[in-house]
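The model shown is predicted, which means the values in this text are computed figures rather than measured ones. Chain A is the first sequence line, chain B the second, and so forth, proteins listed ahead of strands; every chain is numbered from 1.
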There are 2 protein chains.
Amino acid sequence: MPRIIIVEDDIYLREELIHTFQKAKYDAIGLSEFENVEDHLMKQKPDLVILDVNLPGKTGYELCKSLKVKSSFPILILTARDTLSDELTALGLGADDFLTKPCHPDRLLARTERLLQTYGKMRSILQIGAVSLDTDTYKLVFLDKVLILSETEGKIMKLLMEQFPSAVEKSELFRNVWGTEEFVDENILQVNMSRLRKNLSDFGMDGIIRNIRGKGYVLEVDGL
Amino acid sequence: MPRIIIVEDDIYLREELIHTFQKAKYDAIGLSEFENVEDHLMKQKPDLVILDVNLPGKTGYELCKSLKVKSSFPILILTARDTLSDELTALGLGADDFLTKPCHPDRLLARTERLLQTYGKMRSILQIGAVSLDTDTYKLVFLDKVLILSETEGKIMKLLMEQFPSAVEKSELFRNVWGTEEFVDENILQVNMSRLRKNLSDFGMDGIIRNIRGKGYVLEVDGL
DNA sequence: ATACCACTTACATCTCTTGTAAGGTTTCCT
DNA sequence: AGGAAACCTTACAAGAGATGTAAGTGGTAT
């Protein structure tokens with residue numbers, strides 16, 4: 001049951017949308033908090049997001065832009081602003097579809113369904129900016145180039161991308177990559193970090209893994 | 001330069017569309033033959049297809065449906081029929097977007113651009129019905145299950161899917177997998193076919209590779 | 001019936017990945 | 001400045017997985 005998060009401040013419309021999606025067998029959730037929408041959203045791990053444009057605080061456009069940088073779920077913008085320039089802005093910011101209110105439920109459902117289908121094939125793909133990683137095969141794609149990482153390096157990269165822009169603690173790396181919290185030998189992590197960095201560097205992604213002394217590692221994806 | 005194929009029987013509109021896309025730095029090609037559109041289209045290896053609905057011969061809907069079974073490029077339906085039911089039909093058949101004529105060039109370009117961006121991540125994916133194969137990593141996906149093939153088996157599978165529904169000759173397999181036309185030892189092909197079939201069978205795709213005595217092999221994807 | 005083609009299994013080789021070891025470099029604190 | 005702790009790098013060897021060879025079985029067409 002795909003999870004759809006609805007970001008809409010009009011309570012009445014929000015409930016209506018939730019109802020529409022729930023009737024169609026979706027796990028529809030409405031957000032009623034408009035502070036830190038971004039964090040709330042990410043925590044819910046949505047399969048798709050419906051976004052209004054006129055929101056208290058950050059606009060839907062700003063939200064869309066920053067969500068698209070670090071997420072890989074589709075975003076559908078639903079708004080009362082119906083000019084071409086609104087549509088172009090939305091699509092330009094990475095929105096996957098743009099519909100205007102009022103919108104027939106069937107149209108909304110059909111568009112939603114189609115997006116979920118398209119993105120279904122990419123369920124295993126993590127995305128940060130122009131970089132994407134297939135977590136099944138550890139295929140890294142960046143600027144039309146492809147690099148296939150080995151299993152260990154891939155797992156490290158996966159963790160770094162999942163937690164971006166936060167840092168990943170060493171203990172967490174040990175737990176997730178080697179299955180043990182007790183990192184008897186720190187060296188093994190360093191060796192693999194070294195290998196991964198070398199590969200990334202040859203690939204054109206120099207210096208994107210930064211060490212945090214005593215803590216762990218972070219991804220540094222400013223330039224990309 | 002992404003290649004866009006335009007399937008539209010109205011000459012005037014077709015030229016206008018081609019011009020719009022060419023100005024936007026696309027490799028835009030119009031189809032003027034409406035017999036065997038499907039074969040013509042596939043030969044051009046498009047990155048995206050713009051499809052009219054009212055065509056001589058097969059309708060755009062029929063075309064869309066059969067293209068979607070064997071291809072992996074996005075399809076945008078552009079039509080004068082503007083009812084909700086038309087849109088629902090199109091989306092239901094797998095169309096990636098639905099726009100009505102007359103359509104502002106900027107809107108068309110923005111929608112096209114977005115589709116190309118979304119599908120860009122899947123450039124390396126072959127698709128036949130419910131089966132897909134990533135030709136970089138040889139990740140095979142079928143019914144939410146994932147199987148990662150070894151390089152040799154993956155290359156064989158790739159050829160079979162690329163040429164579907166035609167057969168692949170043994171000489172072609174030797175050329176593409178082992179880099180030599182002269183198949184000194186036929187056994188190596190048989191061994192790898194055997195291994196591939198075993199893996200596919202365990203994966204729930206039993207008997208989909210059929211031998212053609214003296215010729216080669218075909219994919220048999222009726223049931224899937 | 002027989003010759004040809006296709007299929008299968010076992011085994012050895014090879015490649016790629018991983019962890020270990022050892023030595024070097026950077027950073028931080030006194 | 002000096003030393004310790006944390007981090008980085010390179011080389012090497014063991015291990016796992018993939019590939020090709022060999023040899024024998026089974027099926028099909030004439």
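Every residue meeting the side-chain hydrogen bond (donor to acceptor under 3.5 Å, both in side chains) condition with B:Asp27, not counting sequence neighbours, appears here in chain and number order: B:Arg3. Partners of B:Arg114 by side chain to side chain contact (heavy atoms under 4.5 Å, CB included), not counting sequence neighbours, listed by chain and number: A:Leu91, A:Asp96, A:Arg114, B:Asp97, B:Arg111, B:Thr118. Every residue meeting the side chain to side chain contact (heavy atoms under 4.5 Å, CB included) condition with A:Val141, not counting sequence neighbours, appears here in chain and number order: A:Ser132, A:Lys139, A:Val146. The side-chain hydrogen bond (donor to acceptor under 3.5 Å, both in side chains) check on B:Arg123 picks up A:Asp144, with sequence neighbours excluded. The side-chain hydrogen bond (donor to acceptor under 3.5 Å, both in side chains) check on B:Ser66 picks up B:Glu38, with sequence neighbours excluded. The ring pair (Phe, Tyr, Trp, His ring centres under 6.0 Å) search around B:Tyr26 returns B:Phe21, not counting sequence neighbours.
A:Leu200 has its CG atom 12 Å from the P atom of D:dT9, to the nearest Å. In this structure, A:Met193 places its CE atom 17 Å from P of D:dT10, rounding to the nearest Å. Distance, A:Glu186 CD to D:dT9 C1': 16 Å, rounded to whole Å.
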In residues 148-159 of chain B, what donor-acceptor pairs under 3.5 Å come from side-chain atoms, sequence neighbours left out?
residue: B:Glu151; atom: OE2; partner: B:Lys155; partner atom: NZ; Å: 3.4
residue: B:Glu153; atom: OE1; partner: B:Asn199; partner atom: ND2; Å: 2.6

Identify each atom pair where a protein N or O and an N or O of nucleotides 13-19 of chain D are less than 3.5 Å apart, giving names and distance.
residue: D:dT19; atom: OP1; partner: B:Glu151; partner atom: N; Å: 3.3
residue: D:dT19; atom: OP1; partner: B:Thr152; partner atom: N; Å: 2.9
residue: D:dT19; atom: OP1; partner: B:Thr152; partner atom: OG1; Å: 2.9
residue: D:dT19; atom: OP2; partner: B:Ser150; partner atom: OG; Å: 2.6
residue: D:dT19; atom: O5'; partner: B:Thr152; partner atom: OG1; Å: 3.2

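For residues 41-57 of chain A, the set of pairs meeting the salt bridge (Lys or Arg N to Asp or Glu O under 4.0 Å) definition, not counting sequence neighbours, comprises A:Asp52-A:Lys101. Evaluation of the salt bridge (Lys or Arg N to Asp or Glu O under 4.0 Å) test over residues 194-208 of chain B, restricted to residues two or more places apart or in two chains, returns B:Lys198-B:Asp202.
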(message) Treating primed atoms plus P, OP1 and OP2 as sugar-phosphate and everything else as base, which nucleotides of nucleotides 24-30 of chain D get B, S or - for protein heavy atoms under 4.0 Å?
(response) ---BBS-

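Of all nucleotides in DNA chain C, those with any atom nearer than 4.0 Å to a heavy atom of chain B start and finish, going 5' to 3', at C:dC4 to C:dT9.
When each of B:Leu116, B:Leu115, B:Val49 is paired with B:Phe73, the side chain to side chain contact (heavy atoms under 4.5 Å, CB included) condition holds for B:Val49 and for no other.
Comparing A:Lys198 and A:Gly214 by the nucleotide of DNA chain D that holds the closest heavy atom to each, the one mapping nearer the 5' end is A:Gly214.
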